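Scroll down for the structure; my scribbles are underneath it.
Predicted model only: the values in this text are computed from it and were never measured.
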2 protein chains.
Amino acid sequence: MVTLAEVAQHAGVSASTVSYVLSGKRSISATTRQRVEQSIRELGYHPNAGARALASSRSAIIALMIPLRTDMYVPVMMEIAIAVATTARLHGYDVLLLTGEEGPDAVRRVTGSGLADAMIVMDVELDDERLPLLRRTGRPSVLIGLPSDTTGLTCVDLDWAATGALCVEHLAALGHRDVAVIGEAPAVYERHTGFAERTLDGLRSRAREAGLRVLHRPCEGGYDAMAVTLARILDERPGTTGFVVQNESAVEPLLALLRQQGRAVPEDVSVVAICPDQVATQASVRLTSVAVPAQDMGRYAVEHLVAKLDGRREDDVVLLAPELTVRASSGPAPSAG
Amino acid sequence: MVTLAEVAQHAGVSASTVSYVLSGKRSISATTRQRVEQSIRELGYHPNAGARALASSRSAIIALMIPLRTDMYVPVMMEIAIAVATTARLHGYDVLLLTGEEGPDAVRRVTGSGLADAMIVMDVELDDERLPLLRRTGRPSVLIGLPSDTTGLTCVDLDWAATGALCVEHLAALGHRDVAVIGEAPAVYERHTGFAERTLDGLRSRAREAGLRVLHRPCEGGYDAMAVTLARILDERPGTTGFVVQNESAVEPLLALLRQQGRAVPEDVSVVAICPDQVATQASVRLTSVAVPAQDMGRYAVEHLVAKLDGRREDDVVLLAPELTVRASSGPAPSAG
DNA sequence: AAAACCTGTCGAAGCGCTTCGACAGCCTAT
DNA sequence: ATAGGCTGTCGAAGCGCTTCGACAGGTTTT
């Protein structure tokens, strides 16, 4: 391995000069800079990460905690992870992948050891056990998700309550009176994942205002689970004409089942999905949907973190406004003409 | 931050003794060990990662390069990534997430800087430009995927050729004579991704032996793309009764289209999918499928890497044997009774 | 013309850890 | 009893980098 000292010798300057060329923290004459850069190239020099971290006490690494579970929408997670990795590189950071499995210990380990300069946490529960640690770790962090108490924290998330409200509004405007919500898997609610509960709240309170009836049913993904869930819903509320689907893996099964029962979309029933645009446009019916802005969230999280590391920014909570795109799966309620 | 020296002082021993307690590289008396461990706990000590890496020239980090593109099966990628992260932690390693975007530069950067001790590379092309670098980097690496020339490399992959063959065999045994293959997106073939081409080869050569006719069509995911593809296939080979689907996001659309055309599965046509079991069991018809053993591959990659870092293992190429599970989507060809 | 200030470079200290050789004390073999 | 071996501990060197203070030489200010 080539070291700084070797580069310095090769270029006929001192080690500190090479360091300053690399970091740009002191002015260097153009000729010296060029000579050093030339040597770096010729020798194929790469600064040693460990030495850097030790000397500067910054590792240029951002830790990303992703959920281990696969009961939630995987492509969204992946999209966030990739956006985080890409954006981080743009700012000179690498990304360390942590699974939620280790829980609070991972936070302690990573911040305690100086392995990472900062941390992005996904799959946040309303009263997450990692929060107290994050508050006092001294290292910047961003949550993708919104816990109950956000004091001393930075959060980004889609405004799920507004998302739920938006879905209801759309259906209400089309004249639907009875709406069913196909939710995430029961486990997601049991562990009080923020987004699932907030969506429901937003949905219900707007429904109350608009005078709609809402029936919420959690649903595991897949055809069979959806079949059971749908049967129960139609049994309890035969007049249901509007569906809001939050669990992506229930979308296609639902469409198949409705078709099979001779209920036409959007003539007889309307379906609004909460999912990435890619899913909405690739489904067997082009879905009216509210998009989950996974990329935006990942990018924002990194940019906030980098700004905070540079002292350019403070804690805050950002909720992205949802946007509903009307496609072919929603239309006027049958009785409404 | 608490340092080794502070722990040593607190425990009344020298710094090196604390280090040896931590690493276990020299024998330490039980009483001393306990005293040191006590101090570590009381002070909440975490070894500094940078200092460790510098002194030992090992970072305890494994780099994982995942594809940036989303034209390939995302859940499989995610499953591998999670298996890698989980297994790595079991062995005391952390995982650095790299996107394929940076290409060979990422390999140079990460190995040159000593950021990672070893590397796992996914989405390998037959003649991947990262291979020469990996061969001479001096750091262990494992490819998940199989390039054309494996000399000096370690690879794990599903035996895709055998997978293709297995699908054909199954359909042949059921009496099907005309088989269509719904492949991955065209881009996947254009960049000569190993698995896609090998599957096709295996499929075709077994088909030749068994006297089947095979029609291969790449297919972007989604309903519309599938509709176009299916129409073309049935136009060209109206007698097609067997389908092999490699692109997971074409599975459900295909089933929907067949249903819509009044072709019953498995009475009129049989469908064999190459996909994770979860997808196969959650589809609207329980799919006969060959599973992609994502977890096994991730786990194996890490274990091989760790063994190689410990000098316990050499380069080799491991192909996992495919297993076909018969479910409800395949049956005797119609003409065969 | 002296004082004050830049600019560009260097030397040295030190970041927190691992690891090597040394050695004190004790045990075993002769 | 003495040489040789273990065991458990210590001190010091050094990993490759960043960063601080110093300073030489040139430029500007008064």
Side-chain angles (χ1 to χ4, degrees), chain A residues 1-37 39-40 43-61 92 109-117 309-310, chain B residues 1-37 39-40 43-61 92 109-117 309-310:
Chain A
M1 291 289 85
V2 186
T3 69
L4 226 214
E6 294 175 271
V7 173
Q9 194 179 352
H10 186 271
V13 298
S14 76
S16 48
T17 301
V18 177
S19 179
Y20 287 123
V21 167
L22 251 27
S23 70
K25 290 190 180 173
R26 285 204 182 171
S27 55
I28 296 286
S29 69
T31 57
T32 304
R33 186 201 318 289
Q34 278 162 22
R35 205 139 34 85
V36 170
E37 281 166 353
S39 298
I40 288 178
L43 300 179
Y45 169 69
H46 284 273
N48 182 91
R52 268 202 163 164
L54 178 56
S56 66
S57 40
R58 283 179 296 102
S59 65
I61 290 180
R109 190 169 59 82
V110 164
T111 62
S113 67
L115 224 193
D117 296 335
L309 286 166
D310 296 350
Chain B
M1 289 291 86
V2 186
T3 70
L4 226 214
E6 294 174 273
V7 173
Q9 195 180 352
H10 186 270
V13 298
S14 75
S16 49
T17 300
V18 176
S19 178
Y20 287 123
V21 167
L22 251 26
S23 70
K25 291 191 179 172
R26 285 206 182 170
S27 55
I28 297 285
S29 69
T31 58
T32 304
R33 185 199 319 289
Q34 278 162 23
R35 205 138 36 84
V36 169
E37 282 166 353
S39 298
I40 289 179
L43 300 179
Y45 169 69
H46 284 274
N48 182 91
R52 270 204 162 161
L54 177 56
S56 66
S57 39
R58 283 178 297 101
S59 65
I61 290 180
R109 191 169 60 81
V110 164
T111 62
S113 67
L115 225 192
D117 296 335
L309 286 166
D310 296 351

Under 3.5 Å, is there a donor-acceptor pair between the side chain of B:R33 and the main chain of B:I28? yes
Closest contact, heavy atoms only, [X] versus [Y]:
X	Y	value
B:L115	A:I61	CD2-CD1, 3.8 Å
A:S59	A:D117	N-OD1, 2.8 Å
A:P47	A:L22	CG-CD2, 4.5 Å
B:H10	B:S39	ND1-OG, 2.8 Å
A:L54	B:G50	CB-C, 4.3 Å
A:L43	A:V2	O-CG2, 3.3 Å

Mind calculating the distance between [atom1] ([X]) and [atom2] ([N]) to the nearest angstrom?
X	N	atom1	atom2	value
A:M1	D:dG16	CE	P	10 Å
A:R35	C:dG8	CZ	C1'	12 Å
A:L43	D:dG16	CG	P	15 Å
A:L4	D:dT19	CG	C1'	12 Å
B:I40	C:dC17	CD1	P	10 Å

A:K25 vs D:dT19: side-chain N/O to OP1/OP2 distance below 4.0 Å: yes
Could you check B:T32 against A:S23 and say which one's nearest nucleotide on DNA chain D is further toward the 5' end? B:T32
Donor-acceptor pair present, B:R26 side chain and C:dG21 base, under 3.5 Å: yes
Over 12 foreign heavy atoms within 6.0 Å of CD, A:Q9: no
Within a 6.0 Å radius of atom CD on B:E6, are there more than 12 heavy atoms belonging to other residues, nucleotides or ligands? yes
Side-chain atoms of B:S29 come closest, of D:dG8, C:dT18, C:dC10, to D:dG8
For residues 46-58 of chain A, which residues have at least one heavy atom under 4.0 Å from DNA chain C? A:L54, A:A55
Sorted by number, residues from residues 7-21 of chain B placing a heavy atom under 4.0 Å from DNA chain C are B:S16, B:S19, B:Y20
